[in-house]
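Every chain is numbered from 1 and lettered A, B, ... according to where its sequence line falls, protein lines coming before strand lines.
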Number of protein chains: 2
Amino acid sequence: MDLLNKKCIFGAIKMYFMFSLSEENYLKAIFHLQNSYKNGVSTNALAEEMQTKASSVTDMIKRLSEKSLVNYKKYQGVKLSEAGRAAAIEVIRKHRLWEVFLVEKLNFNWDEVHEVAEQLEHIKSEKLTAELDRFLGFPQRDPHGDPIPDSEGNFSVPNRVLLSELKMDETGICVGVKDSSTEFLQYLDKNNISLGATVKVKQKEDFDQSMLIEMNDNELMISNQISANLYIKTT
Amino acid sequence: MDLLNKKCIFGAIKMYFMFSLSEENYLKAIFHLQNSYKNGVSTNALAEEMQTKASSVTDMIKRLSEKSLVNYKKYQGVKLSEAGRAAAIEVIRKHRLWEVFLVEKLNFNWDEVHEVAEQLEHIKSEKLTAELDRFLGFPQRDPHGDPIPDSEGNFSVPNRVLLSELKMDETGICVGVKDSSTEFLQYLDKNNISLGATVKVKQKEDFDQSMLIEMNDNELMISNQISANLYIKTT
DNA sequence: TCCATTTTTTAGTCTTGTCTAAATATATTT
DNA sequence: AAATATATTTAGACAAGACTAAAAAATGGA
Ligand SMILES: [Mn+2]
Ligand SMILES: [Mn+2]
Ligand SMILES: [Mn+2]
Ligand SMILES: [Mn+2]
């Protein structure tokens, strides 16, 4: 092993905790997919998520497995180890903190932050992350309503449901988006749907699940594709 | 040419202005070395600056030359093209803006910012750079007194001399450091030498150029190694 | 159970950026 | 002008991370 010979801006000491940009992205993707793939994330799912080929995924999984960041048995899918989970959460923490920074301090709209945060999340400096967190006032949620892990990796799983699950006449507060794509967020902006606003389901169509909602004294008809991507805290 | 096939977070449009982390670091290094190597930066000088081998430098120079970022003839050293110079200045602009951010907003000391800025300078987002600049109030100098290029790449070459060039009884204001290493900056902190302070040369030793200076009602003996790394604006 | 389809892995190639060792060009002495 | 020393380039190898094509394993009917 010549791990210690690798160049590292922090010197040799922290070597074992440092991962490449690509490794970090895979860890993050596995973390997110583990919600849907409880007993092992499949190679194809990971390839889809990473916008790459299954063979590339297999290669990377082997490397991550070699470093004990994932548990992997051939053809059995992959799961994060404790170390892998911790590394993934650290990257997610940075991603979301930077998103808050971009929106709160640099006049970015919530639909513009993701791709820049994808770059910033890989900056390596414990002090930077800690100070950024403090500078932002230890935010609990990112601009899309997702929880921000603290420096220990702890975060509260938000108590929320999808708007599509609400029944007629139920109300709640819009607290997050499931889809953070530019397209979806721009649709929401255009239709005055924003986090923090109160929603009421005025009508619900059995056939296609489309619903008429009320928001800020405004009525709006939305399809299931929309309501299934909005998180609501019921009141 | 399959430039357009490369993955790029901005899509294909900006391809021709995007360079790899390594390419950017080489461009920056050449830019800095051009001050001392007016008629071409030598391979060895570049290898020394980049902490790598001469053969690796030759390889990279060929790639940069292929992309018209440098002008290169075998054995003749290398010079930045206009495009290469512009790219280098853009990276330096980002580096210095981030250094200001770290010191002004995130409680970093001026001896801690460099290695983090080395990472942040490669983040690609025009909006991010522009907004960071605005957020910081369009600073003219970084924490080490170096000029920050504006969005057009223009910067004022500061009117300053080295403290070592001052004669007995001359005074000035300390406006920058030539060496930004942690070690040097910590020495300065320890001895209460900071940018903005007034200096007076009280004595100068002909033999070794060491000098006795006065700063904030304090007298201090410094060697030539120190005085040759402090920039002074004479008053 | 056996066949067909899908999923996953392997084998071999490519690019970027690095390295060592060897060859060649330039510079400095004598 | 040689001879020597130094600087630079070439040749060949390697690692990370991607790809394509082909092989092998798992899965889901009939
Ligand atoms: Mn995001
Ligand atoms: Mn987000
Ligand atoms: Mn710096
Ligand atoms: Mn600086």
Can I get a per-line list of side-chain donor-acceptor pairs under 3.5 Å for residues 80-88 of chain A, giving both atom names and the distance, sequence neighbours left out?
from	atom 1	to	atom 2	distance (Å)
Ser81(A)	OG	Ser68(A)	O	2.8
Ser81(A)	OG	Leu69(A)	O	3.0
Ser81(A)	OG	Ala83(A)	N	3.3
Ser81(A)	OG	Gly84(A)	N	3.1

Pairs under 3.5 angstrom only: tabulate donor-acceptor contacts from the side chains of residues 140-151 of chain B to other protein residues two or more places apart or in another chain.
from	atom 1	to	atom 2	distance (Å)
Gln140(B)	NE2	Phe138(B)	O	3.4
Asp142(B)	OD1	His144(B)	N	2.7
Asp142(B)	OD1	Gly145(B)	N	3.1
Asp142(B)	OD1	Asp146(B)	N	3.0
His144(B)	ND1	Glu99(B)	OE1	3.1
His144(B)	NE2	Trp110(B)	O	2.9
Asp150(B)	OD1	Glu152(B)	N	2.8
Asp150(B)	OD1	Gly153(B)	N	3.0
Asp150(B)	OD1	Asn154(B)	N	3.0

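Checked against dC19(D), dT9(C), dC19(C), the side chain of Ser56(B) finds its nearest nucleotide in dC19(C). Closest approach to the Thr43(B) side chain among dT10(C), dT18(C), dT9(D) is made by dT9(D) (side chain taken as heavy atoms from C-beta onward). Proximity note for Ser20(B) (side chain, C-beta onward) versus dG17(C), dT7(C), dT18(C): the nearest is dG17(C). Residue Ser22(B) places its side chain closer to dT18(C) than to any other of dT20(D), dT18(C), dA21(C).
Dashed line: the shortest gap from a side-chain N or O of Ser55(A) to OP1 or OP2 of dT10(C) is not under 4.0 Å. For Arg63(B) and dG17(C), the shortest distance from a side-chain N or O to OP1 or OP2 is below 4.0 Å. Note on Lys62(A): every side-chain N or O is 4.0 Å or more away from OP1 and OP2 of dT9(C). Between Tyr26(A) and dA18(D) there is a side-chain polar atom (N or O) within less than 4.0 angstrom of OP1 or OP2. Between dT6(C) and Asn44(A), no contact under 4.0 Å exists linking OP1 or OP2 to a side-chain N or O.
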Exercise. Can you give one letter per nucleotide of nucleotides 23-28 of chain D, going 5' to 3': B for a protein heavy atom under 4.0 Å from the base, S for sugar-phosphate only, - for none?
Worked result: --SS--
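For Tyr26(A), the ring-ring contact (aromatic ring centres under 6.0 Å, His included) test picks out no residue, with sequence neighbours left out. Here Ser42(A) pairs with Tyr37(A), Asn44(A), Ala45(A) under the side-chain contact (heavy atoms from CB on, under 4.5 Å) rule; sequence neighbours left out. Applying the ring-ring contact (aromatic ring centres under 6.0 Å, His included) test to His114(A) and every residue at least two apart in sequence or in another chain returns His95(A). Listed by chain and residue number, nothing satisfies the side-chain hydrogen bond (donor to acceptor under 3.5 Å, both in side chains) test with Asn71(A) (two or more places apart in sequence, or in another chain). For Ser210(A), the side-chain hydrogen bond (donor to acceptor under 3.5 Å, both in side chains) test picks out Asp208(A), with sequence neighbours left out.
Using a 4.5 Å cut-off on side-chain heavy atoms (C-beta onward), Ser164(A) and Gln209(A) make no contact.
Within residues 30-38 of chain A, no residue has a heavy atom under 4.0 Å from DNA chain D.
Atom CG of Leu46(A) is separated from atom P of dA18(D) by 11 Å (rounded to the nearest Å). When the P atom of dC19(C) is taken as reference, atom CD of Gln51(B) falls 10 Å away, rounded to whole Å. The CE-P distance, from Met60(A) to dA15(D), rounds to 16 Å in whole Å. When rounded to the nearest whole Å, the span between CD of Glu23(B) and P of dT15(C) equals 15 Å. Atom NZ of Lys53(A) and atom C1' of dT7(C) are 15 Å apart (whole Å). Atom CZ of Phe19(A) is separated from atom P of dG17(D) by 12 Å (rounded to the nearest Å). Remark: C1' of dT6(C) and CD of Glu48(A) are 16 Å apart, rounded to the nearest angstrom. Separating the CG atom of Asn25(B) from the C1' atom of dT16(C) is a distance of 14 Å, rounded to the nearest angstrom.
With salt bridges taken as basic N to acidic carboxylate O contacts below 4.0 Å, none links Lys124(A) and Glu118(B).
Cation-pi geometry between Lys178(A) and Phe184(A) is not satisfied (NZ or CZ under 6.0 Å from the ring centre, within 45° of the ring normal).
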